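Worksheet: one structure, shown below.
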There are 2 protein chains.
Amino acid sequence: MNLKELAQQLGLSPTTVSRALNGYPEVNESTRERVMAAAKRHHYRPNTRAIRLATGRAFAIGHVIPLATRHEIMNPIFADFIAGAGETYSKNGYDMVLSVVADEAEHQTYRDLKSRGTVDGMILHAPQMDDARIALLTDIGIPFVVHGRATGAALPYSWVDVNNRRAFQRATEFLLDLGHRRIALVNGLENMDFAIRRRTGFVDAMAARGLAADPALMSSDEMTEVSGYRAARAMLVQDDAPTAFLVASMISGMGVRRACEERGLALGRDVSIIIHDDDLSYMKNGEDVPIFTATRSSVREAGRLAAEMLLGIVADPALGPQQRLLEAELIIGQSTGPAPARHAPVLSATAKG
Amino acid sequence: MNLKELAQQLGLSPTTVSRALNGYPEVNESTRERVMAAAKRHHYRPNTRAIRLATGRAFAIGHVIPLATRHEIMNPIFADFIAGAGETYSKNGYDMVLSVVADEAEHQTYRDLKSRGTVDGMILHAPQMDDARIALLTDIGIPFVVHGRATGAALPYSWVDVNNRRAFQRATEFLLDLGHRRIALVNGLENMDFAIRRRTGFVDAMAARGLAADPALMSSDEMTEVSGYRAARAMLVQDDAPTAFLVASMISGMGVRRACEERGLALGRDVSIIIHDDDLSYMKNGEDVPIFTATRSSVREAGRLAAEMLLGIVADPALGPQQRLLEAELIIGQSTGPAPARHAPVLSATAKG
DNA sequence: TGCGCTATCCAAAGCGGTTTGAAAATGATT
DNA sequence: AATCATTTTCAAACCGCTTTGGATAGCGCA
């Protein structure tokens, strides 16, 4: 059943039916009701393809997922983010189109998505330092919102991000207040912008107490269980092993925990761990009592917000670049406690400074 | 730059240009080259929306993700599956459209996707026992492939699935051969079809050795870390605690491990764990040496295969229902070992039977 | 030279909607 | 009753491509 047929059934012109259905004012209310009723009765759904061609709009938002080497992105965080964004899209009658492409084809994919008119806007994932894609998308001239920020970007652009620096700064302060001095940072890949900011927060907080972050206690890798395990294990065998870990994600945190338990260290007593918790639906950080002390920020919520922001810009491109900085919550769990006694002398010595 | 403009530039009709670009034979080779060159020079990309309307095809595949209550699906497995499927789609010039919808709107979403012509086919996720969606999609008359199977489905349909029954049967036999008798099953939600099959495999393998599966050692819940932890902890405090666990996923396996370690049980010595490993990219089961002994089957590969199957059916609907059963590999890791000595008498007694 | 074939190209009709510009119907006003 | 403004409806153009049904030209062969 299409518009023309429906119009014929009703003895009306397609024009009128179209207008009645789309809520235009220039149609008699009684006619509109008749049309609406008939549409419902015949289960009429306007053809998306036709609407898209006629209006010149795609009613779709694109997400590009680079494959291969930099597979950091096809991670659980991403799944929750698009779940959040997807909610917003369906609520607004938009489709979400995902392009999974080889790394080297990413730029071309953005160009095509625009020039073929497949989408009205895009979300940019996993920005890195000096990310070239921002200039690219700006150049292409398609509305976009970045999930995260890109240190070094010259142009203004729209983004939704967590205050990663502040989150890790606060987490570090929390550990320092507990008396920890040998604090390790198990970070994500440091070409990722969020990882850079987290490190800055960590280093700054240390510096504020007159402590230098020990490079031997800073690792940077993909946020998998295994890499967390390996980083922690390597640090724990050192002479002056860390008493606390700051970890980039729940998953790598589990690897860190494994390494600690393997050495017989009890969490919250012998060693402390703070993770960043993206509040993933299938990877809850405990329920009533959090497993890990954590800096928490829902990535799903970030997805929702980014999508809303983008739809706003698509609807009115004149809005210009918008930003939204989300603060992470510091959740106290069972994985942190005072620095173990054996470090007490070091602690008091340092505390003087 | 559109077709008409390009044609004008070349002094040709749109018809000829279209044909030249699409490889039709009724165009002079030299003309075709001229057209191709001009198209490249002007970065011409045919408008997707127009192609779709003109051909009546969507060149897109839909994946519907139910939200809310049954959020089992927006899990890491799903992320890897769509990554695999997405690869296939891009390779074939198809888009992937994801619909994130509230549970109760799921059926209507399928209907709309079809009647509005947004997609040419769909992938059905997370089938349950007697899943009504199979009848629905059959009724709607759109090509679809199920990721998994639905016990009790009356009609034939296309699917790609892992042999879950066999995988868990073999895993159980492996544990039995190691002398374990008190084996626990930490399963996924048992309204999910895969969970039912896994339980069957477990129960059957036990029965084949004359052992009854103890209901107190079978749990069924979402596959999160926390639920794995809780299930295992509850079982470990029982009088006749299990010496081995069969766990539905890597993530819940990590919860089980936590519960074991909490009780001071060493993996592979005091207690054994076998998990099902979906071979997720960011959740590798170790690298050279697997952490867990596991039944492994790449869900990403399943995504690729399902997508290929679906595109095949879309291209030629006459093909009819197709099936693909993948066998899981049994990977021996460090989490399994002979049943602990204290059970030796039980073991020898049982071994006689 | 003329006819039939094939190779090559084109005009025009869709695809199923939206939207513009105008016509018809209605109501208000004088 | 005639006129004008407003509602309400419609015919037709358009979105950018594909595809059908010719038309034209070039060629081989009688």
Side-chain angles (χ1 to χ4, degrees), chain A residues 1-36 38-39 42-60 93-95 112-120 315, chain B residues 1-36 38-39 42-60 93-95 112-120 315:
Chain A
M1 166 76 51
N2 61 19
L3 226 210
K4 202 188 293 182
E5 288 165 19
L6 184 62
Q8 219 140 25
Q9 286 264 338
L10 285 160
L12 288 169
S13 75
T15 310
T16 304
V17 175
S18 170
R19 283 179 168 153
L21 258 23
N22 291 311
Y24 282 77
E26 57 271 77
V27 47
N28 191 305
E29 270 315 310
S30 68
T31 307
R32 188 194 304 281
E33 278 163 30
R34 230 167 38 100
V35 172
M36 294 285 224
H42 295 93
H43 301 109
Y44 168 73
R45 302 259 170 254
N47 184 300
T48 314
R49 303 189 286 253
I51 294 179
R52 286 174 175 167
L53 180 57
T55 60
R57 314 214 295 139
F59 296 102
Y94 270 70
D95 283 342
D112 283 8
L113 248 24
K114 159 73 174 184
S115 56
R116 310 183 33 145
T118 313
V119 301
D120 294 323
Chain B
M1 165 72 55
N2 60 21
L3 227 209
K4 202 190 293 185
E5 287 166 20
L6 184 62
Q8 218 140 27
Q9 285 266 339
L10 284 160
L12 288 170
S13 74
T15 310
T16 304
V17 175
S18 169
R19 283 180 168 152
L21 258 23
N22 291 312
Y24 283 78
E26 56 272 77
V27 48
N28 191 303
E29 268 317 309
S30 69
T31 307
R32 187 192 305 281
E33 278 164 29
R34 233 169 33 104
V35 173
M36 296 285 225
H42 294 94
H43 301 111
Y44 168 73
R45 303 260 172 251
N47 184 299
T48 314
R49 302 191 284 254
I51 294 179
R52 287 176 175 165
L53 181 56
T55 60
R57 315 215 294 138
F59 295 104
Y94 270 70
D95 283 342
D112 282 9
L113 248 23
K114 160 71 177 186
S115 56
R116 310 183 31 144
T118 313
V119 302
D120 294 325

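To find a chain, count down the sequence lines: A is the first, B the second, and so on, and within it residues start at 1. The structure presented is a predicted model; accordingly, all values stated were derived computationally and were not measured.
Under 3.5 Å, the side chain of B:S18 and the base of D:dT19 form no donor-acceptor pair of N or O atoms.
For the side chain to side chain contact (heavy atoms under 4.5 Å, CB included) test with A:M36, the passing option among A:R32, A:R34, A:E33 is A:R32; the others fail.
Out of D:dA12, C:dC9, C:dG16, the shortest distance to the side chain of A:T15 is found at D:dA12. Distances were taken from every side-chain heavy atom of B:L12 (C-beta onward) to each of C:dT19, C:dC10, D:dC17; the shortest belongs to C:dC10. Closest approach to the B:A50 side chain among C:dG17, D:dG16, D:dT18 is made by D:dG16 (side chain taken as heavy atoms from C-beta onward). Listed nucleotides: C:dG17, C:dA11, D:dC10. Nearest to the side chain of A:N47: C:dG17.
If one axis is set at each end of the helix from C:dT1-D:dA30 to C:dT30-D:dA1 from five pairs, those axes are 60° apart, to 10°.
Taking 4.0 angstrom as the limit, B:Y24 places none of its side-chain polar atoms (N or O) nearer than this to OP1 or OP2 of C:dC9. Phosphate contact (OP1/OP2 of D:dC10, side-chain N/O of A:S13, threshold under 4.0 Å): present. Using a 4.0 Å cut-off, some side-chain N or O of A:T31 falls inside it from OP1 or OP2 of D:dT9.
Contact annotation for B:R19: base contact, defined as any heavy-atom pair under 4.0 Å involving a base atom.
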Practice item. Kindly indicate, with the supporting measurements, whether the criterion side-chain contact (heavy atoms from CB on, under 4.5 Å) is fulfilled by A:R19 and A:T16. Key: CA-CA 5 Å; A:R19 283 179 168 153; A:T16 304; 5.8 Å; no
